[in-house]
Amino acid sequence: MIVRLRTDFVPEGRLSRTEAADQRDGIESAQAGLQEHLRGTGYQTMREYETIPYIALDASPRALQAIERSAFATDVVEDHLDEAYVDESAPQDLDAPSLAQSTPLVQAPSMWAEGFTGSGRTVAVLDTGVDSAHPFLSGKVVEEACYSASSNCPNGRTSQTGPGSGVPCTYVASGCPHGTHVAGIAAGRGSTFSGVAKGASIMSVQVFSRFTGSSCAGYSEDPCALSYTSDQIAGLEKVFSLRSTRNFSSVNMSLGGGRYISNCDTDPRKQIIDNLRSASIATVISPGNDGYTDAVGAPACISSAVSVGSTTKFDTVSSFSNSASFLSLLAPGDLIYSSVPGGGFDYFSGTSMAAPHVTGAWALLKHQDPPASVSTILSKLQSKGLAVTDNRVAGGVTKSRIRIADAAGIPPPPPNDNFANARIFSGYSYAANGTNVGATPEGGDPVKVSSSSYTNRTVWYQWKAPFSGPVEIDTCSYYTDFDTVLGVYTGSALGSLTQTAANDDGCEVGNRNGSRVTLMATKDTTYHILVDGYADSKGNFTVEVVDKLPPKVASTNPSSGGKVAPGANIKATFSEPMQVNGVNATTYKLKKAGTTGFLGATVTYDPATRQATLNPNNNLRSGSTYIATVTTDPHDESGNPLDQNASVDGYQPKTWKFSVN
Ligand SMILES: [Ca+2]
Ligand SMILES: [Ca+2]
Ligand SMILES: [Ca+2]
Ligand SMILES: [Ca+2]
């Protein structure tokens, strides 16, 4: 049982150093006074807390009677057992939001692109232990502790601190991987996907104990892993005690139990959560998986905690998630693919998976704004999140699904940030304004030009070549206002692209920072065009695809050597779209063979068919031969003059002869 002592308590962050020391003295005196009062009644002290007015005891009925009579005690509560909030009934749907999908949903990559990875911050994970040897968590576990009233710490005792103390329990198959999964969501780091605060460190606090038989009734396995309230308080107090050596942003508790339709501020965990909050450390707690729409579990019901319900990747409240009017936030928790002990990954569902998204978000937001209080960050996440209404019940509550970059005031990614969302264009030439402000790296982004460190603010375009020939692609326009890097690739998927061309620079003098590449395009091939910033720079640009292939006359009617009726029009069809006003009676003309004067005629050009029509003012003379000419003056849309003979240097006109019936 956990006994509340009769002594004043104010969260330490609001006290001076001297006042805090006095408060601790008062707590210690009350503990000693109660123990003295209980002498000979049959009790054992399980946990003495240093900063909050509680003591955990194992008490006989006689001792309990003595506690109830003692002036040192004001309240006694049972030392509850909590479960880890994973929903084992969730279907193992492989079309699931792995971290690769859930972290973009909460805008973590936009924070990473700004340099806010949670580096220099620590997240504490009170759970079933964390596999610090997992590659996803490599080098991250900087503090460890274990509190297990059933003596299930690695040393076989009820408490252990230091390296090796926070390793995963091993006595239950489905429960013990829980902590490693949760830690991966909050702070894992991989090559193709990462957890939310991929730069943050982790403190693993193992707070679970092994139970069998009736204690495991209602759980999916026996033995089962459950956590005592008194052990959780000890773990939270350990975090609090290390706050000056570890820069904690947040503590994750994906555990709990019970059904509370309003705040539960008599819960003995409230004072230590208040202490943490007074030191600007958030305690982020899962509300449970019972599907309640009006209630959450404890300790999520504590008013000073941050409670996090679960959403799907479609931004609906997960069927299993508990929720209530006093829930703090929502985050993805449905089928999240994260680390499990031994080096692998697995899909877990539950509000257990939602809370660590917020725990990680806290590390990113504290990285951006180190002094921010819990209230400041919470109100930003609440006001800038995506409003999701709980549609499981009529009049369901509306809560914010977190959007971290929005909360941080960082621009969201442009629509063509990801390879799969490339802006698509076609045609011989193209120009579009774009931006890489808010753009983010994506796993498998190709290395451009020379350095992998530039693979960062990437945006994508896609161009299907309508012809084979030389092409120039550039960002040389004066609209471009930052130092771009440009790459062109073929292939179908990130990670397996082939570079066709890439360049940092290459524009004419006057635009030092734009980029230009040339390539020989192949008709009907799709080219993936990547615009990035040199050394992470960002801004606005124009990307242009410029056809460098001169146009020519592809066919004529009549053909060379053919015959027409005296009243016929003479037609020439170009190989590609032409500038309309360049095709006229000066650039397309007709004369009778053996003469020098060109005939009066009207010339029209139809862009849809690329066909020019020469309509002579007078009928042509029967039996005569005529010579038609298209000069080199008509230009294609990119400004290339006509060149009828690619194998001869310079530009050659199109000339052909025909006769009249
Ligand atoms: Ca990108
Ligand atoms: Ca450049
Ligand atoms: Ca052309
Ligand atoms: Ca030529």
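When a ligand or atom number is given, it counts from 1 through the structure's own listing order. The structure presented is a predicted model; accordingly, all values stated were derived computationally and were not measured.
- Under the 3.5 Å distance criterion, with hydrogens and angles disregarded, a donor-acceptor pair is assigned to the side chains of D417 and T440.
- Nearest N/O/S atom of E576 with respect to the Ca ion (ligand 3) is recorded as OE2.
- A side-chain donor-acceptor contact under 3.5 Å links T484 and T475.
- For the Ca ion (ligand 2), the set of nearby N, O or S atoms under 3.0 Å includes one belonging to T484.
- If you look at the Ca ion (ligand 4), the protein N, O or S atoms less than 3.0 Å from it are D643 OD1, D643 OD2, N645 O, V648 O, G650 O, Q652 OE1.
- With a cut-off of 3.0 Å, the Ca ion (ligand 3) has an N, O or S atom of L549 in range.
- For K591 against L599, the heavy-atom pair with the smallest separation is CA-CG, 4.3 Å.
- Here E637 fails the criterion, with no N, O or S atom under 3.0 Å of the Ca ion (ligand 3).
- Side-chain contact check for Q611 and T573: at least one donor-acceptor pair (N or O, by modelled atom type) lies under 3.5 Å.
- Contact between Y461 and G434 at its shortest, heavy atoms only, is OH-CA, 3.6 Å.
- Side-chain contact annotation: S373 with T376, donor-acceptor N/O pair under 3.5 Å present.
- For the pair N503 (side chain) and R516 (backbone), a donor-acceptor distance under 3.5 Å is present.
- Angle OD1(D483) to the Ca ion (ligand 2) to O(N513): 80° [nearest 10 degrees].
- The name of the N, O or S atom in D504 nearest to the Ca ion (ligand 2) is OD1.
- The Ca ion (ligand 3) is closest to atom OD2 of D636 (considering only N, O or S atoms).
- Using modelled atom types, one finds no donor on one side chain facing an acceptor on the other under 3.5 Å when comparing T458 with D532.
- A cation-pi arrangement, defined by a distance under 6.0 Å to the six-membered ring centre and an angle within 45 degrees of its axis, is absent between K538 and F482.
- Shortest distance from the Ca ion (ligand 3) to D547 is reached at OD2 (N/O/S atoms only).
- Taking the six-membered ring for Trp and thresholds of 30 and 60 degrees, F574 and Y605 have ring planes more than 60 degrees apart, a perpendicular arrangement.
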